[in-house]
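Letters go in sequence order (proteins before strands), and every chain restarts at 1.
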Amino acid sequence: MDNNLSLYNTLSRKKERFEPINPPFAGLYVCGPTVYGDPHLGHARPAITFDLVFRYLQHLGYKVRYVRNITDVGHLEADLDEGEDKIAKKARLEQMEPMEIAQFYADRYFVFMEALNVKRPSIEPRASGHIIEQIRMVQKILDAGFAYEVNGSVYFDIEKYSKTHEYGKLSGRVLDDLMTNSRMLEGQDEKHNPADFALWKKAQPEHIMRWPSPWSDGFPGWHLECSAMSARYLGEFFDIHGGGMDLLFPHHEAEIAQCQAALGHESVKYWLHNNMVTINGQKMGKSLGNFITLEEFFTGSHQALKQAYSPMTIRFFILQAHYRGTIDFSNEALQATEKGLKKLMNGYETLQKLIPSSLPGIQHPASGIRELAASCYNAMNDDFNSPGVIANLFEMVRIINSVNDKKETISAEDLELLRSTMKTFLLDILGLKDENSGDQSEKINGLMELILVIRQKSRETKDWDTSDQIRDTLQKLHISVKDGKEGSTWNIE
RNA sequence: GGUUUCGUGGCCGAGUGGCUAGGCAGCGGUCUGCAAAACCGUAUACAGCGGUUCGACUCCGCUCGAAACCUCCA
């Protein structure tokens, strides 16, 4: 399978040609949500970023297995001495079973991801369903001599590992710094070295989420689930592992070490990381009062928002920036995005009713469509440069409108290429969809036809009061009427 | 303090060692009963300071600024 795709590998810090291990198959693993709270922008960005990767690989013809986990095992909360975990804490506060919490927020996550038109991955495994795999992996690491047990808990031995392998190569950490830095934090620690991380943790008596293991009744360390589940569903060596940059250290660094220790080799060929989001230039945080959930974006029900922003506006906004750059959400930027998206979707609608000109020799022939299509591929092949694709799509819309205005002409061949290219990139790869066309029933179409006929009559008699009243009233119902040379058109906004 | 990512015109945001990104807003036109949409034209730019080069926004160094991580939190 030929491709010219290159992608930025965090491990090598440069763009590399994408050469899958077992073509035509491609394996993609992405760190999914911890389901103890409502989905927000921090969930939307990686989901959309890797949805783009998923869609493009599929478009190139790969048989992609996309695995994105659901973290439903409680992990310890840092600021509590009690050793309570996030999901259990939420469960206690809301008087629910921990799995009830996990189920509730997982469902919320799915609903909002669907609204954003994020495709469901091939497999969405849950950490709680793979305790056995995780226990086996801990045992393998113990057997290999890279871990030790203390009081029923098992820790990864960084010092031992570092003698033969480079811990910190993904994130650029230097081990000595880690040790000296971490050493400052005193505590009644079971760990031999502060930089060590837990593979298995013995549960405190009040800890509800627990499973039996050879070492204790307890729960797996956070980093373990991704290693265990990726190995199970994608094999011990697979193509792409993705996630947010915030996961670089320690999470992904630990995954590399675990796999190396347990399997004797690394498990990931390409590491991809999306950058973070900010809101009005600030990081999003509950204490800053700018923590905005997706539901609040969609309904506009947050004081920082001047209006509601539709799921497609959010999606388009994220795709308008390259995934490795930071992205700042502001009302001004979102409003601009909303207009741009509308222009794009209107253009796509216009394209459907465009007619090729059969007359030869007309001036200003629309041209360059082949180049624009190639340019879209070049952009995607250059590390998934969606903003580059979008710029080309806007150029296509300009051609579409010019042809529609009879200012340019287009051949049947070019029109067909234009249609297929627009559909491929706008709908299939970028995953944008028309949010307003869903509710146009036959009844509404019939009514609108009637109304426009009546209005046209009033216009012919220059009864502007009546024609304007109709247009204004419809506008209040979010139905906009536009008068053109060939009659009036309408659409729901 | 360390590691990492980044700093482009009013706003957002690509890209390149010398050649127009694109969107939104603005200005001037065309079209139009008016409006909207659309099309055409147009101003404003590469954080700062050095260096490499015939030439840097693009490479190197430093400074300033922002974000993430450095918390058995996922």
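Here Lys339(A) lies in heavy-atom contact (under 4.0 Å) with sugar-phosphate atoms only. Among the heavy atoms of the strands lying under 4.0 Å from Arg471(A) is at least one base atom, whether or not backbone atoms are also near. Counting any heavy atom pair closer than 4.0 Å across all strands shown, Gly172(A) reaches sugar-phosphate atoms only and no base atom. Nucleic acid contact class of Thr350(A) (heavy atoms, under 4.0 Å, all strands): none. Contacts of His322(A) with the nucleic acid, taken as non-hydrogen atoms under 4.0 Å apart, involve only primed sugar atoms and P, OP1 or OP2. Residue-level contact check: Ser171(A) touches the backbone only, with heavy atoms under 4.0 Å from sugar-phosphate atoms and none from bases. No contact: Arg45(A) has no heavy atom under 4.0 Å from any strand. Arg324(A) comes within 4.0 angstrom of sugar-phosphate atoms only, judged by non-hydrogen atoms across all strands, and of no base. Backbone-only engagement by Tyr8(A) is indicated by non-hydrogen atom pairs under 4.0 Å involving sugar-phosphate atoms exclusively. Contact annotation for Ala391(A): base contact, defined as any heavy-atom pair under 4.0 Å involving a base atom.
The aromatic ring of Phe394(A) does not sit over the base of rG23(B), since the test of centres under 5.5 Å and planes under 30° is not met.
Considering Glu149(A), Glu190(A), Lys191(A) as possible partners of Tyr155(A), the one that fulfils the side-chain hydrogen bond (donor to acceptor under 3.5 Å, both in side chains) test is Glu190(A).
Side chains of Glu16(A) and Tyr270(A): a donor-acceptor N/O pair is absent below 3.5 angstrom, by distance only.
Judged by atom type and distance alone, Asp468(A) reaches the base of rG33(B) through a side-chain donor-acceptor pair under 3.5 Å. Between the base of rC69(B) and the side chain of Arg173(A) there is a donor-acceptor pair shorter than 3.5 Å. With hydrogens and angles ignored, no donor-acceptor pair closer than 3.5 Å exists between the side chain of Asp328(A) and the base of rC12(B).
Ion pairing between a basic and an acidic side chain is recognised when a charged N comes within 4.0 Å of a carboxylate O; Asp383(A) and Lys15(A) show no such pairing.
Residues His252(A) and His273(A) place their aromatic rings such that the two centres sit under 6.0 Å apart.
Atom CG of Asp196(A) is separated from atom C1' of rU71(B) by 15 Å (rounded to the nearest Å).
Using Watson-Crick or G-U wobble geometry with both donor-acceptor distances under 3.5 Å, rA66(B) finds its partner in rU5(B).
rG17(B) and rU58(B) have their C1' atoms separated by 6 Å, with the value rounded to a whole Å.
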